[in-house]
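For the numbers below, each heavy atom of this structure counts, side chains included, while hydrogens, waters and symmetry mates do not. Remember, predicted model here, so these are calculated numbers, not experimental data. Just so you know, ligand 1 is whichever comes first in the structure, and atom 1 is the first atom listed for that ligand.
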Amino acid sequence: MSIAEKFVSMDYGPAPEDPKEATAWLDRHERRFALFINGEWRTPRAGQYFDTVDPSTGEKLASVGQGGAADIDAAVRAARAASEKWRALTPHARARYLYALARLVQRHSRLLAVLETMDNGKPVRESRDIDIPLVARHFYYHAGWAQLLAQEFPEYEPCGVVGQIIPWNFPLLMLAWKIAPALATGNTVVLKPAEFTPLTALAFAELCQEAGLPAGVVNIVTGDGTTGEALVKHPDVDKIAFTGSTEVGRAIRGATAASHKRLSLELGGKSPFIIFEDADLDSAVEGLVDGIWFNQGQVCCAGSRLLMQESIAEPLIGRIRDRMTTLRIGPPLDKAIDIGAIVAGVQLDRIQRMVAQGVAEGATCWQPQTSLPARGFYYPPTLLCNVHPTSIVAQEEIFGPVLAAMTFRTPREAVELANNTVYGLASCVWSESINVALHVAAQLKAGVVWVNCANLFDAACGFGGYRESGYGREGGREGLLEYMEPKWFKQAPKLAASESPLLAAKDAARKGAPGEEETAAASTPAIDHTVKLYIGGKQARPDSGYSMPVRAADGRLLGEAPLGNRKDIRNAVEAAHKAEAWSKATAHNRAQVLYYCAENLVQRRGEIIHGLAEVVGEKQATAEVDGSVSRIFSYAAWADKFDGAVHNPPFRNIAIAMNEPIGTVGVICPADTPLLGFFSLVLPLLAVGNTVVAVPSEKYPLITGDLYQLFDTSDMPGGAVNIVTGYASQLLKTLAEHDDVDAIWCYGDEAIAAAAKAMSTGNLKQVWTNEGRAIDWFDAKQGEGRWFLEHATQLKNIWVPYGE
Ligand code: NAI
């Protein structure tokens, strides 16, 4: 074609990126890679290798070591051995290493971009302009945090040895998201790349050598799911950070439940892309290109559910189709390609299967007329219309270039549809009305909301999900906290198991409770005190009709507390859900109610001390009541001060980081400090707008009577706090399995902490426990403050563009 003809047709010619540097790199390694352990290359113990292929051709690129349990063990040992020296370095020294890594990523950026594209199939335009620059940015940003660490987090220390498992969709970027914050905070790392895309991680290992990183600080063990499993199960790993499928995330939650490993999970999504009738439709369609066709739609936060206001649905669909016909699909090393190859044959099959199922369920499928390359794994951009909200293609992650379109009429309906998913990773809202956009953004259950933009990321803005999209954040200040613990916490002594509520429940179970000789029916001595449950702001009789005896320190029967059961918990959760007045109250109002609680507690000081002293003694009872007054004051003070932040990412955007309440939280209260323990957990949750279903101390559940009088007289809206007495382990199960309970805080011995985590595996609830350690609730440094508030909130980043 002549230049003149091209000028008329405006067709793109091929613009291939030269792979020679990457090919030379592969050849230099004889296309065979060992494992990077303790700063050197080691052949896998079992001598096994697997192939990594170029998805755009299906051809083998290299053989890569299959790490086994012995290799993981060697890597963890190396990381452990390096740990002490690495954490003892000055923050400035660590900052220099991270800075060196950032510089090296930039220096080798073209090699890394081409290698990424060859291994993953993503357009080189994306790996060159998005992935690799973001990798460098992540190391620069965290070099800064390393430098500031001691000043900004004086009370924290690193977790220790961190196991990190990453997926194949952004191989090097996910490595950076994991390694940079871990190193900045003084941890050492064993990272397992995804089996489809190990090459850039291996190139990064070389950069670690080039940067002179001490041996063992970063270890990279390639392999498949079994390698990941060995890392998860290794007893000397202190934390696991995982990004990948919800299914594997769930397996990891289960596998780590009985350990003290900290866990952060970044899982799947089915993110809504909401377009209102007043949106700039051309911009919205361009946003959609980034939202669902970026990286072939293999993006956890892809805007895969299009929600269109009904009035504009028809013209919008027309524009989307027009735009889809101009998307160029083909060899990803061509710089003018929009859609490259799907990572692997199994993923391509999965996409085809799910689309076929969606069509079988009534969706209409539209794809532009386009010819796909003869070799390699390709799937055309796809639009599914007439999608029913319950269809598989509206509910499950497809992880391909497939958009499922639905309509809504009102903003309210848009929010309902958007939130009608088990996930909550990201969302987009398009409207020219800032009021509508921000009003809707506030109601979306998602960790990120992009207003009039899509798929923007920055190291300063925390990223992570709500609900089954996982927990924990990556990036920002909040991301650092995932890799640190308060200094005192690891040293805290273990709670003796005999003091635990779980054991009490086990005892009761052995005796065959309820209906036992210990229940109200059988024990008739003079009862000076009976309490009820407290649900929805009212006293409630237990569904079971049974109660549990409460004894003084000397064994005397003090009274009876109701034996709550599953039905009572369900009622309490329902009441908590309805208590919107509390979550919607202003922070000032919440503070006022809390202060009022303190005032009323002071009024009833003598009476409460008197009752509590029977169980914990006069001295502790006095300290608990006085400590509680102070604790209430603290959280009343925090209520209007625990604010978010505004980030300035390097785009024409601001990102508003908001601390949002998690929702309804189930709380198992500490046994030994019935009053102060209750307030220490329930108040931080209330202060930031959560509603609570609390199971008070089994040792002295009669405290419930004092508490509901307190709340009733302090203008606490009904349902904000609900109290169900009973055996903690039994009630915990119902709380953990209840889908409307958004998080569990469980403070007891090791066994109940493990049970809380194991029971919450099914719906991937956030669980926070004391790991069976004794917390000194009388010491404000341990018992209150930001650590609690950070766990009581989840961060939502709302990105808002500015300028023309
Ligand atoms: P996956 O979750 O199996 O793989 C992610 C990583 O976990 C890989 O490194 C893998 O080797 C490792 N892994 C697998 N099983 C493991 C185990 N039992 N213990 C520890 N580590 C284990 O994801 P897969 O199979 O590659 O993709 C399947 C689907 O998952 C995709 O279609 C997509 O829907 C979703 N996915 C979501 C991602 C996200 O970022 N949200 C990323 C990758 C996949």
Side-chain angles (χ1 to χ4, degrees), residues 50 52 55 64-69 72 119-122 163-171 173-175 177-178 190-198 200-201 220-234 237 240-256 261 263-271 294-302 304 342-355 377 379 392-393 395-402 421-426 447-448 455 457 463-465 467-472 474 761 764:
F50 63 94
T52 183
V64 177
Q66 166 67 32
I72 287 289
D119 209 14
N120 167 281
K122 64 173 67 200
Q164 304 183 315
I165 298 167
I166 55 172
W168 40 260
N169 52 348
F170 294 90
L173 184 56
M174 289 304 104
L175 173 149
W177 280 26
K178 295 279 180 287
V190 178
L191 178 127
K192 192 203 83 69
E195 52 272 46
F196 296 144
T197 54
T200 45
I220 295 190
V221 182
T222 47
D224 59 12
T226 60
T227 318
E229 221 177 317
L231 182 54
V232 166
K233 291 194 173 145
H234 196 289
V237 170
I240 294 288
F242 172 78
T243 299
S245 62
T246 297
E247 191 190 342
V248 173
R250 205 170 266 135
I252 293 177
R253 165 77 290 174
T256 53
K261 292 187 179 101
L263 181 60
S264 49
L265 299 173
E266 202 267 88
L267 309 175
K270 193 77 196 176
S271 299
F294 170 53
N295 201 19
Q296 296 70 249
Q298 303 168 126
V299 182
C300 49
C301 53
S304 53
I342 301 297
V343 74
V346 286
Q347 284 299 121
L348 182 59
D349 291 346
R350 183 186 146 95
I351 297 167
Q352 286 164 339
R353 230 180 17 250
M354 287 186 75
V355 170
F377 313 120
Y379 195 82
I392 185 170
V393 289
Q395 290 294 330
E396 284 187 25
E397 192 172 40
I398 300 178
F399 234 58
V402 182
T421 164
V422 294
Y423 298 114
L425 195 51
V448 183
N455 270 345
F457 309 96
F463 182 87
R467 307 201 276 200
E468 291 189 25
S469 288
Y471 37 79
E474 300 192 273
T761 302
L764 279 170

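- When every heavy atom of G121 is checked against every heavy atom of Q296, the shortest pair comes out as O-NE2, 3.9 Å.
- Judged purely by atom type and a 3.5 angstrom limit, N120 uses its side chain to pair as donor or acceptor with the backbone of W168.
- Of the N or O atoms in E266, none lie within a sub-3.5 Å distance of an N or O in ligand 1.
- Every atom of ligand 1 with a heavy atom of A194 under 4.0 Å away is listed here by number and element: 9 (O).
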N169 and V343: CA distance, side-chain angles, deciding distance, side chain to side chain contact (heavy atoms under 4.5 Å, CB included) verdict
CA-CA 8 Å; N169 52 348; V343 74; over 6 Å; no

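- Close approach of ligand 1 to L267 (heavy-atom distance below 4.0 Å) involves ligand atoms 41 (N).
- Residues L231 and I240 come closest through the heavy atom pair O-CD1, 3.9 Å.
- Under the 4.0 Å distance rule, the nearest protein heavy atom to atom 30 (O) of ligand 1 falls inside the cut-off.
- Taking every heavy atom of R350 and a limit of under 4.0 angstrom, the matching atoms of ligand 1 come to 32 (O), 34 (O).
- Close approach of ligand 1 to T243 is summarised as follows: ligand atoms under 4.0 Å from at least one heavy atom of the residue are 40 (O).
- Less than 4.0 angstrom separates some heavy atom of G228 from each of these atoms of ligand 1: 19 (N), 20 (C), 21 (N).
- Residues V402 and V393 fail the side-chain proximity criterion, which asks for heavy atoms closer than 4.5 Å.
- In summary, the aromatic rings of F170 and W177 are positioned with their centroids too far apart to meet the 6.0 Å limit.
- Near I165, the atoms of ligand 1 lying under 4.0 angstrom from a non-hydrogen atom of the residue are 6 (C), 7 (O), 9 (O), 12 (C), 20 (C), 21 (N).
- With a heavy-atom cut-off of 4.0 Å, D224 touches ligand 1 through its backbone alone.
- Residue, atom and distance of the protein heavy atom nearest to atom 14 (C) of ligand 1 are G225 CA, 3.5 Å.
- Between T227 and Q66, the side chains place a donor N or O and an acceptor N or O closer than 3.5 Å (distance only, hydrogens not considered).
- With hydrogens and angles left out, the side-chain atoms of K178 and T243 include a donor and acceptor closer than 3.5 Å.
- Nearest protein heavy-atom neighbour of atom 19 (N) of ligand 1: E229 N, 3.5 Å.
- In this structure, the protein non-hydrogen atom closest to atom 22 (C) of ligand 1 is V248 CG1, 3.6 Å.
- Nearest protein heavy-atom contact of atom 43 (C) of ligand 1 is P167 CB, 3.5 Å.
- At a heavy-atom distance under 4.0 Å, atoms from both the backbone and the side chain of S245 approach ligand 1.
- Shortest contact from atom 6 (C) of ligand 1 to any protein heavy atom: I166 O, 3.7 Å.
- In this comparison of F399, F242, W168, Y423, the heavy atom closest to atom 33 (C) of ligand 1 sits on F399.
- By the 4.5 Å heavy-atom criterion applied to side chains, T761 and L764 are not counted as neighbours.
- The minimum heavy-atom distance linking L263 with L265 is given by the pair CD1-CD2, 3.7 Å.
- Numbered from 1 in the order shown, with element, the atoms of ligand 1 that lie under 4.0 Å from a heavy atom of G268 read 41 (N).
- A side-chain contact (heavy atoms from CB on, under 4.5 Å) with K270 holds for exactly one of S469, C301, S304, C300; it is S304.
- If you number the atoms of ligand 1 from 1 as listed, the ones under 4.0 Å from a heavy atom of C300 come out as 39 (C), 40 (O), 41 (N).
- Judged purely by atom type and a 3.5 angstrom limit, R467 uses its side chain to pair as donor or acceptor with the backbone of T421.
- Ranking the protein heavy atoms by distance from atom 34 (O) of ligand 1 puts E397 OE1, 3.0 Å first.
- The protein atom (non-hydrogen) at minimum distance from atom 10 (C) of ligand 1 is E195 OE1, 3.4 Å.
- Heavy atoms only, all atoms of each residue included: Y423 and E468 are closest at CD2-O, 4.0 Å.
- Nearest non-hydrogen protein atom to atom 27 (O) of ligand 1 is Q347 OE1, 3.6 Å.
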